There are 2 protein chains.
Amino acid sequence: MAVTIRDVAKASGVHISTVSRTFSAPHLVNPETRTRVLATAEELGYRPNRAARALITGRTHNIGLIVADIANPFFPPMIKAAETHARRRDYHVFVADTDEDPVVETDLVRALAKQVDGILLCSPRMSDDQIEQLRREVPLVVVNRLIDGLPAVVMDVGAGARSAVRHLVGLGHRHLVYLSGPRGSWTNREIRKAAGAAARSGGAELTVLGPHQPISSAGADAAETVLATGATAVLAYNDLMAVGLLQSLQDRGVAVPERVSVVGFDDIATSALVRPTLTTVANPTAAAGRAAVDMLLQQGDDGATGQVSLRTDLVIRNSTGPGPYAPAGATTAEVAAYAKE
Amino acid sequence: MAVTIRDVAKASGVHISTVSRTFSAPHLVNPETRTRVLATAEELGYRPNRAARALITGRTHNIGLIVADIANPFFPPMIKAAETHARRRDYHVFVADTDEDPVVETDLVRALAKQVDGILLCSPRMSDDQIEQLRREVPLVVVNRLIDGLPAVVMDVGAGARSAVRHLVGLGHRHLVYLSGPRGSWTNREIRKAAGAAARSGGAELTVLGPHQPISSAGADAAETVLATGATAVLAYNDLMAVGLLQSLQDRGVAVPERVSVVGFDDIATSALVRPTLTTVANPTAAAGRAAVDMLLQQGDDGATGQVSLRTDLVIRNSTGPGPYAPAGATTAEVAAYAKE
DNA sequence: TAATCTGTTGCAAACGTTTGCCGAATGGAG
DNA sequence: CTCCATTCGGCAAACGTTTGCAACAGATTA
């Protein structure tokens, strides 16, 4: 059916090993022979069978990319960047969605293991132990979570949370709320810790609400509780929740940012499209995808297990404004400038 | 290194073929032997190597999913649904992004061909000829495009466009604009044709603008031109463009829907989050993903090349309202009801 | 009792590659 | 002219499976 190395060999009058070498070790074959083989290969439409090659070399030139939820707008840019980057290095990418289920995660890693050279585990929800176990079965790079001894790419959400809190405190807010994300999320823990510390050192109070599903309806549902705390500023686990909260507050006639300021995380596309536009901590998700791919592909060479932390950036838009303790008469821009350390 | 069928055979004292059959044809092996083999397999942590199996059976149990742009919010729900559906049937999914480039599309199909049992081609930008050619090299299902003789899953965007136009005409609009999408898009052509016909039969004028990139900034950039036409209602190729337009109109102080009504396509998540919320034609993208997978997997059995068209639904929200020729005093809801045939 | 059938297992070839090894041919050095 | 090194290409084994065929035992039938 399909044209194989054998067909090319026959058609060009050489042994199959010569054809093989023409493709995988060109310097070992006479330039003349090589061009002849390449010509007939082209003519016949021959393409090497990667699966067969993998069988003997042990390298599949495939990688796996496992995420909690493809439809969560946080992931697509990362998937896209990782796929493009991998393809440029001649790797194909399996993408799988776990629906935030740790059991599915484990099964998926095992199922994919034999078919890939390594797996990118994005925002995994399983325990550290499970991940370390899997790491023994297949090369792994963890994204959005730090585990001792495991290669990882994370966004520095701690720093992001700190600048967000400083921004809010600088604007004159003294009582903040943190809208937690899902249980088991490393990112969530980091943000909570960093925000708590930053609030304390800024002389502000931080009320933690949650856990919540990382979706907009959860943000909307939290509006009532948020208002009940009497806080004047909210930091949300992600933009989806922040946007949900934003809309819900507006529906209740609560002015943003006049009465409540809102800050999100991720800077998904929607955040610049809602009104008021959302102040948020931008994560370099595309860069993270690329870095993770690089790390995975280098893993074979040395055994070094790097851990990189990528810079996050506070993007100040219109959902944050002066709070009750703001310097009199200051505008958002002026006060915000002060927050820039 | 990894545990193979041979290890299991040795450990349980049978021939490798018996182990093989234990997994791929259990009824051919004695229940006693079978349980013994299964036990040692479990104990050793054996997992069949799909690549090796594929080599001999010719079935990889993988499928390819090629989309124009993973980061376009239209696709993730479809990717997610397709992946989940495929996995339930024990298939793994390669995802790849072409960045709207027809050349990359072709290369990708060829590169993936040997490694998959078939490919889902979503919103392809290449010519019909090229697709028909590729179809000879690997089983294909085309999504969002209709080509004679090729299995396909499409959304009935024509019907969607018709209801959108009827809705607008019913509201009293007589001059509409269609904001075209990208060149080469089948969907775009369908919408344009259907909208044109519906407008004519409703006694309204339709001005076509474009082509445009299917992104929000293109919608925003078109605002000026749209206003210059004097039209009172706009149908956009997709929600991204519609939302961009919405914001741009607001920034110019043009009230929506009071002065201009806007309708989008796709019903992406953002559409319900912007204000005014967007009236749009909802596409069953998840269902399309599942249907396409089913169609691809059945293709082997019979040679039947089905073509299914999925229902679309006009979702009326707040970006559309009465136009200049609306029955006096009518509210949006009342007038809209009239449009429901 | 012989012949036939059924259920279970082993044997070996095959899938499409890669790669270590060996021999042939070539060319330069001595 | 001989010897050695180098370059090139063929041979065959290997990767981890599946599967048609044959062998065998025991059960059933005539």
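So you know, we letter chains A, B, ... as the sequences are listed, proteins then strands, and number each from 1. Please read all numbers here as calculations on a predicted model, not as lab measurements.
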A:His92 side chain to B:Leu112 backbone, donor-acceptor under 3.5 Å: no
Distance, rounded to the nearest Å, where B:Leu55 contributes CG and D:dT19 contributes C1': 14 Å
Along DNA chain C (nearest heavy atom to each residue), the more 5'-positioned of A:Thr57 and B:Pro31: B:Pro31
Nearest-Å distance for atom pair NE2/C1', residues A:His15 and C:dG16: 13 Å
Length of the CG-P vector between B:Asp7 and D:dG16, whole Å: 8 Å
Rounded interatomic separation in angstrom, taking CD1 from A:Ile56 and C1' from D:dT17: 14 Å
Sugar-phosphate only, base, or nothing, as touched by A:Phe23 at under 4.0 Å among non-hydrogen atoms: nothing
Test: B:Arg89 and B:Asp294 ion pair at under 4.0 Å: yes
Is there any protein nitrogen or oxygen under 3.5 Å from a nitrogen or oxygen in nucleotides 20-28 of chain D, and what are the pairs?
none

Distance, rounded to the nearest Å, where B:Arg53 contributes CZ and C:dC15 contributes C1': 14 Å
Side-chain N,O (A:Ser20) to OP1/OP2 (C:dT19) below 4.0 Å: no
Phosphate OP1/OP2 of D:dG9: any A:Thr33 side-chain N/O under 4.0 Å: yes
Salt bridge present between B:Glu83 and B:Arg87 (N-O < 4.0 angstrom): yes
B:Arg125/B:Glu105 salt bridge by N-O under 4.0 Å criterion: no
